[in-house]
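See below for the structure under consideration.
No experiment lies behind these values; they were computed from the predicted model shown. We name chains A, B, ... by the order of the sequence lines, and we start the count at 1 in each one.
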2 protein chains.
Amino acid sequence: MVEAPRNTRQRRAVVAILDDLDGFASAQEIHDILKQRGESVGLSTVYRSLQVLAEAAEVDALRNADGEVLYRQCSAGHHHHLVCRACGRTVEVEGPTVERWADRIAEENGFRDVAHTLEIFGTCDRCTSNRDLP
Amino acid sequence: MVEAPRNTRQRRAVVAILDDLDGFASAQEIHDILKQRGESVGLSTVYRSLQVLAEAAEVDALRNADGEVLYRQCSAGHHHHLVCRACGRTVEVEGPTVERWADRIAEENGFRDVAHTLEIFGTCDRCTSNRDLP
DNA sequence: ACTCCGGTTGAGAATCATTGTCATGAGGAA
DNA sequence: TTCCTCATGACAATGATTCTCAACCGGAGT
Ligand SMILES: [Zn+2]
Ligand SMILES: [Zn+2]
Ligand SMILES: [Zn+2]
Ligand SMILES: [Zn+2]
């Protein structure tokens, strides 16, 4: 059987940040927040922790327009995201018809092992009003 | 006004490759193909050409699971893609309901400047049958 | 509490797609 | 043809992510 991961200070710290954060954030942002809070964790470890959590489906991961990977602790089950480009604030959304549509399209064209990516990006109301402040 | 881009051998060569290719390909793959055909073009130039073409919406761009950017000469108009992970073969697909759904979701949540990404990845029938050859 | 083992950490190096630099080259208008 | 520019390309630089590996520490057993 598989070994359970050890309960280390670093892993707990990363999970705690994800708990607190509302939106998606990059590994480096999480690393910075940890430094600010004085619970410093090595950058490599942050990356590793997020990888493991993502593989275990404990967190969701997506790429922003710049190709950076962002992470977020989401609710369970398949869903997609409406993400603010500026602050990362996120709304989880479901599109039952899209799921079926994607699978049907793939099926009709003889594709196997199908997966799909679907994200909506925009600027949230908060960031829209804060646009031109000193 | 904007200057028209110059009609150089290199730009023509890149466009010619995109014309011939059926599926999505990375800048480096296109660079390799050019080298094979003896119409060598600098890697920087390949990247620049593809960038310009993408900004002008002459080609579509997307990221594969590894985060690499792939390019393809598509038909005009907004559409999405069913892409083979193995060979890049691509089927253009349209999802009118998805478009409306995405915009409505964003609107309902007060998001502006909305864009969305939607791609379907799988293994095409050809690559499925070629799986275990010597 | 003490020991020991194997998973975990982290500073730094390595990877690698992509972008920047800048001297040289070549469109194309006159 | 001349000449002004933009375009090119060899090479360096960037930057997110991954790798390395010696030191570290969680936790099971005693
Ligand atoms: Zn999610
Ligand atoms: Zn925002
Ligand atoms: Zn397309
Ligand atoms: Zn669309």
Mind checking if [X] touches a base, just sugar-phosphate, or nothing, with heavy atoms under 4.0 Å?
X: A:D66; result: nothing
X: B:R9; result: sugar-phosphate
X: B:T45; result: base

Mind calculating the distance between [atom1] ([X]) and [atom2] ([N]) to the nearest angstrom?
X: B:H31; N: C:dT19; atom1: NE2; atom2: P; result: 15 Å
X: A:Q10; N: C:dG10; atom1: CD; atom2: C1'; result: 9 Å
X: A:E68; N: C:dT18; atom1: CD; atom2: P; result: 14 Å
X: A:R11; N: C:dG10; atom1: CZ; atom2: P; result: 12 Å
X: B:N7; N: C:dG27; atom1: CG; atom2: C1'; result: 8 Å
X: A:R63; N: C:dA17; atom1: CZ; atom2: P; result: 13 Å
X: A:L50; N: C:dG10; atom1: CG; atom2: C1'; result: 15 Å
X: A:L34; N: C:dT9; atom1: CG; atom2: C1'; result: 14 Å

Could you give the side-chain donor-acceptor pairs of residues 30-37 of chain B under 3.5 Å, partners two or more places apart or in another chain?
residue, atom, partner, partner atom, Å
B:H31, NE2, B:V41, O, 3.2
B:R37, NH1, B:D20, OD2, 3.0
B:R37, NH2, B:D20, OD2, 3.1

Partners of A:R11 by side-chain hydrogen bond (donor to acceptor under 3.5 Å, both in side chains), sequence neighbours excluded?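 Scan of A:R11 (side-chain hydrogen bond (donor to acceptor under 3.5 Å, both in side chains), adjacent residues dropped) gives none.
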
Quick check: any donor-acceptor pair below 3.5 Å linking the side-chain of A:R6 to the base of C:dG6? yes

Which pair of non-hydrogen atoms, one from A:F111 and one from B:C124, has the smallest distance, and what is that distance? CZ-CB, 3.6 Å

Toward the 5' end of DNA chain C, which comes first, A:L43 or B:L70, by nearest nucleotide?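 It is A:L43, whose closest nucleotide lies nearer the 5' terminus.
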
Comparing B:R48 and B:R12 on DNA chain C - which has the more 5′ nearest nucleotide: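 Closer to the 5' end of DNA chain C: B:R48.
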
Is a side-chain donor or acceptor of [X] paired with a backbone partner of [Y] at a separation under 3.5 angstrom?
X: A:R85; Y: A:N64; answer: no
X: B:Q10; Y: B:V46; answer: no
X: A:E29; Y: A:S26; answer: yes

Let's see if you can work this out: which of C:dG10, C:dA17, C:dT8 has an atom nearest to the side-chain heavy atoms of A:T8?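 In terms of side-chain proximity for A:T8, the closest of C:dG10, C:dA17, C:dT8 is C:dT8.
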
Is the distance from the ring center of B:H80 to that of A:H116 below 6.0 Å?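 Centroid distance B:H80-A:H116: not below 6.0 Å, so no.
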
Anything under 4.0 Å to a heavy atom of chain A counts; send over the first and last such nucleotide of DNA chain D, read 5' to 3'.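 The protein-touched segment is D:dA16 to D:dG27.
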
